[in-house]
Protein chains: 2
Amino acid sequence: MADIQASYLACPIRQVISRFGDKWSMLVLYTLNESETGVMRFNELRHHMTDCSQKMLSATLKNLEQSNLINRKVYPEVPPRVEYSLSDTGKSLMPSITSLINWANEHFDDVVTKQLA
Amino acid sequence: MADIQASYLACPIRQVISRFGDKWSMLVLYTLNESETGVMRFNELRHHMTDCSQKMLSATLKNLEQSNLINRKVYPEVPPRVEYSLSDTGKSLMPSITSLINWANEHFDDVVTKQLA
DNA sequence: TCTCATAGTTACCAAAAAGTTAGAAATGTT
DNA sequence: AACATTTCTAACTTTTTGGTAACTATGAGA
């Protein structure tokens with residue numbers, strides 16, 4: 001998310017990648033979408049993404065919120081409670097992401113196995 | 001494309017991201033798909049992706065080929081001629097990617113404009 | 001008073017990704 | 001002989017990403 005150049009602004013594809021094409025964003029969106037209530041707390045997400053560090057989860061959630069893809073609701077309690085959920089925009093993105101994930105599951109072997117052989 | 005860990009192997013979503021979720025891969029796939037003949041040469045691709053350096057285009061094409069998403073055909077001529085096209089696996093991926101790109105075009109403002117305001 | 005729990009942030013460091021520049025081949029043209 | 005063409009590769013540098021560990025705040029309970 002460095003400086004924004006003209007060519008960058010002009011290319012929606014690049015925009016897409018840069019907003020949720022990083023290491024953890026899709027996994028967060030996917031996890032939120034799979035949740036029954038549609039709402040998850042910080043540590044709850046952490047338990048579903050065990051190899052994502054606290055720092056990265058925090059940064060990922062912040063970016064997704066700033067990109068309008070998730071909602072963040074803070075309850076003024078102690079200890080703090082913060083609930084995350086997909087925004088309407090985020091929900092509208094899920095069919096595309098799900099399509100991608102299904103493809104990944106189906107073509108896993110075509111794409112990956114060859115490399116290890 | 002770093003080292004491969006157990007959790008990494010176990011997660012097809014992460015696999016997807018790592019194979020074509022980088023800075024340029026989707027743009028290459030999209031560009032090849034848009035081409036009328038379905039075949040493009042190296043410099044032809046370059047002209048469609050002006051802000052991608054030669055080195056990165058080369059590396060991206062190599063990765064896509066190793067991931068079985070594109071075909072690379074070399075003609076033994078001078079100067080060299082190399083033609084790239086989508087593989088069958090690559091073609092099967094395009095609906096998902098197109099879906100993502102269409103979403104990006106439609107929701108560009110929701111996701112991006114807020115940040116500059 | 002001490003500790004726990006939650007949801008983070010910050011500083012520091014290492015690794016990875018990506019950009020720049022140069023050049024390697026091989027051969028046809030000037 | 002010099003140069004252009006095309007598709008790369010290598011060396012070097014900068015930028016970005018991601019990990020670890022320590023720190024914050026607050027109130028409840030022991």
Side-chain angles (χ1 to χ4, degrees), chain A residues 1-8 11 13-15 17-28 31-32 39-67 70-85, chain B residues 1-8 11 14 17-28 31-32 39-67 70-85:
Chain A
M1 328 284 176
D3 54 341
I4 294 180
Q5 299 165 336
S7 61
Y8 184 82
C11 179
I13 306 174
R14 292 277 297 286
Q15 292 283 350
I17 314 296
S18 73
R19 297 291 161 173
F20 54 80
D22 59 85
K23 200 168 177 182
W24 301 111
S25 291
M26 278 207 204
L27 217 46
V28 168
T31 306
L32 282 176
V39 171
M40 289 183 93
R41 297 180 63 181
F42 189 82
N43 277 340
E44 205 174 346
L45 279 164
R46 286 243 295 153
H47 294 320
H48 281 261
M49 301 167 55
T50 47
D51 51 355
C52 176
S53 70
Q54 200 175 27
K55 169 190 159 181
M56 287 314 301
L57 181 55
S58 179
T60 302
L61 289 168
K62 193 189 279 186
N63 279 328
L64 289 174
E65 192 202 358
Q66 285 177 352
S67 296
I70 63 173
N71 297 130
R72 181 173 186 272
K73 185 168 183 186
V74 185
Y75 294 84
E77 298 174 2
V78 170
R81 181 156 64 106
V82 181
E83 288 182 346
Y84 295 95
S85 57
Chain B
M1 331 280 173
D3 55 342
I4 294 180
Q5 297 167 337
S7 61
Y8 185 83
C11 178
R14 294 277 295 283
I17 312 295
S18 74
R19 296 292 161 172
F20 54 80
D22 59 83
K23 201 167 175 184
W24 301 110
S25 291
M26 278 207 203
L27 215 46
V28 167
T31 305
L32 282 176
V39 172
M40 288 182 93
R41 298 179 64 182
F42 189 82
N43 276 341
E44 206 173 346
L45 279 164
R46 285 246 295 153
H47 292 133
H48 282 262
M49 300 168 56
T50 47
D51 50 355
C52 176
S53 72
Q54 201 174 29
K55 170 191 161 182
M56 286 315 299
L57 180 55
S58 181
T60 301
L61 289 167
K62 192 189 278 184
N63 278 328
L64 289 174
E65 191 202 357
Q66 285 178 352
S67 295
I70 63 173
N71 297 130
R72 181 174 185 272
K73 185 168 185 187
V74 183
Y75 295 84
E77 298 175 2
V78 170
R81 181 155 64 107
V82 182
E83 288 181 346
Y84 295 94
S85 57

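So that the names make sense, note that chain A is the first sequence line, chain B the second, and so on, each numbered from 1. Side chains included, hydrogens not; waters and symmetry mates left out as well; all remaining heavy atoms used.
- Here dT15(D) presents its C1' atom at 17 Å from CG of D22(A), a figure rounded to the nearest Å.
- For the helix from dT1(C)-dA30(D) to dT30(C)-dA1(D), the rotation axes defined at the first and last 5 base pairs enclose an angle of 30°, given to the nearest 10°.
- Distance check: T31(A) OG1 to R46(A) CZ gives 14.0 Å after rounding to the nearest 0.5 Å.
- For the pair R46(B) CZ and dT5(D) C1', the computed distance is 13 Å after rounding to whole Å.
- In this structure M56(A) satisfies the side-chain contact (heavy atoms from CB on, under 4.5 Å) test together with W24(A), C52(A), S53(A), sequence neighbours excluded.
- Here R41(A) reaches the OP1 or OP2 of dA7(C): one of its side-chain N or O atoms lies under 4.0 Å away.
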Practice problem: For nucleotides 19-26 of chain C, just jot down a letter per nucleotide in 5' to 3' order: B, S or -, based on protein non-hydrogen atoms under 4.0 Å. | Solution: BB-----B

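- For the pair E65(A) CD and dA7(C) P, the interatomic distance rounds to 15 Å; values are reported in whole Å.
- Residue-level contact check: Y75(B) touches neither bases nor backbone, having no heavy atom under 4.0 Å from any strand.
- To the nearest angstrom, P of dA7(C) lies 11 Å from CG of L57(A).
- One interatomic measurement links the two molecules: CE of M49(B) to C1' of dA18(C), which rounds to 13 Å at whole-angstrom precision.
- The distance from atom CD of E83(A) to atom P of dG8(C) is 12 Å, rounded to the nearest whole Å.
- Between N43(B) atom CG and dT6(D) atom C1' the separation is 6 Å, expressed in whole Å.
- Atom P of nucleotide dT7(D) and atom CE of M40(B) are separated by 11 Å, given to the nearest angstrom.
- Out of dT9(C), dA7(C), dT9(D), the shortest distance to the side chain of V82(A) is found at dA7(C).
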